[in-house]
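Values in this document were obtained by computation on a predicted structure and should not be read as measured data.
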Amino acid sequence: DTGVSQDPRHKITKRGQNVTFRCDPISEHNRLYWYRQTLGQGPEFLTYFQNEAQLEKSRLLSDRFSAERPKGSFSTLEIQRTEQGDSAMYLCASSPARITEAFFGQGTRLTVV
Amino acid sequence: GQQVMQIPQYQHVQEGEDFTTYCNSSTTLSNIQWYKQRPGGHPVFLIQLVKSGEVKKQKRLTFQFGEAKKNSSLHITATQTTDVGTYFCAALLSGGSYIPTFGRGTSLIVHP
């Protein structure tokens with residue numbers, strides 16, 4: 001296992017389209033996080049899973065965003081009816097337990113045109 | 001919004017000079033983590049501080065956690081061009097799910 005894997009690495013979509021991103025965490029990591037990062041900012045928390053349970057979701061997260069982790073392994077993040085403001089790097093991270101380091105994937109860069 | 005403030009936002013140094021970035025929170029933190037993100041890369045974990053007043057060193061990097069567990073600093077001695085990147089602190093708040101909450105980061109630019 002070489003680390004957290006994200007797919008695709010880049011996505012260009014037209015405004016109003018739906019997009020889905022995938023994250024494969026490090027195996028046996030039961031904690032999985034999605035973050036969003038824009039230029040000049042730190043990663044902004046979106047949502048968190050422990051195994052298959054989505055335990056926290058940012059209050060700032062629009063209803064257009066949804067995430068799943070159906071079998072407690074890989075996760076998907078879907079954005080419906082994309083807007084230009086959704087353009088960002090979407091980062092996935094995993095960790096084996098609480099209060100431990102998070103391992104980040106390379107991210108998916110979304111551009112909404 | 002983010003609950004940790006980091007300063008400065010940018011820092012230009014000549015190679016060989018020292019560098020320090022500061023992280024401050026209005027609330028008591030359980031732990032604090034530091035990450036480095038190279039240009040075009042993803043955040044990579046550097047260290048975690050847990051105890052009040054804790055000091056940890058990694059070669060030229062020194063990390064401190066304040067006595068009140070509300071602030072932290074990262075100091076780099078004699079910067080090198082390989083130190084270029086953005087350094088983030090990430091707070092883990094007690095009483096919650098211990099989700100790393102990131103500061104805005106300090107971008108370090110090292111001039112040769």
Closest non-hydrogen contact found for A/F104 with B/H42 is O-CD2, 3.3 Å

What heavy-atom pair brings A/P43 and B/F88 nearest, and what distance separates the two atoms?
CD-CE2, 4.0 Å

Using a heavy-atom cutoff of under 4.5 Å, enumerate the residues of residues 105-113 of chain A that contact chain B, numbered in order, or state 'none'.
A/G105, A/Q106

List for me each residue that meets side chain to side chain contact (heavy atoms under 4.5 Å, CB included) alongside B/T79, sequence neighbours excluded, and say none if there are none.
B/V13, B/F19, B/I76, B/D83, B/L108, B/V110

Of the backbone (N, CA, C, O) and the side chain (C-beta and beyond), which part of A/L91 lies under 4.5 Å from a heavy atom of chain B, both, or neither?
side chain

Taking side-chain hydrogen bond (donor to acceptor under 3.5 Å, both in side chains) as the cut-off, I'd like each qualifying pair that reaches into residues 12-24 of chain A, sequence neighbours left out, listed once.
A/R22-A/D24

Reported CZ-to-OG distance for the pair B/F45 and A/S95, which is rounded to 0.5 angstrom:
10.5 Å

Should B/L49 and B/Y87 be counted in the same cluster of Ile, Leu, Val, Met, Phe, Trp and Tyr side chains packed under 4.5 Å apart?
yes

With a sphere of 6.0 Å drawn around CD of B/Q14, does it hold more than 12 non-hydrogen atoms of other residues, nucleotides or ligands?
yes

Quick one: do A/F74 and A/V19 end up in the same hydrophobic cluster if we chain Ile, Leu, Val, Met, Phe, Trp and Tyr together by side-chain heavy atoms under 4.5 Å apart?
no

Within one Ile-Leu-Val-Met-Phe-Trp-Tyr cluster: B/Y22 and B/W34, side-chain cutoff 4.5 Å:
no

In Å and rounded to the nearest 0.5 Å, what is the OH to CD1 distance from A/Y48 to B/I99?
6.5 Å

Looking at side-chain heavy atoms only, is the closest gap between A/Y35 and B/P43 below 4.5 Å?
no

Is it true that atom NZ of A/K11 has more than 12 heavy atoms of other residues, nucleotides or ligands lying nearer than 6.0 Å?
no

More than 12 heavy atoms of other residues, nucleotides or ligands under 6.0 Å from CD of A/E68: yes or no?
no

A/S94: what forms a side chain to side chain contact (heavy atoms under 4.5 Å, CB included) with it, not counting sequence neighbours?
A/V4, A/P25, A/I26, A/H29

With a 4.5 angstrom heavy-atom cut-off, which part of A/Q37 approaches chain B: side chain, backbone, both or neither?
side chain

Rounded distance (nearest 0.5 Å) linking atom CD of A/Q41 with atom CD of B/Q9
7.5 Å

Rounded at 0.5 Å granularity, tell me how far OH in B/Y35 sits from CD in A/E101.
7.0 Å

Under 6.0 Å from the CG atom of A/L55, do we count more than 12 heavy atoms belonging to anything else shown?
yes

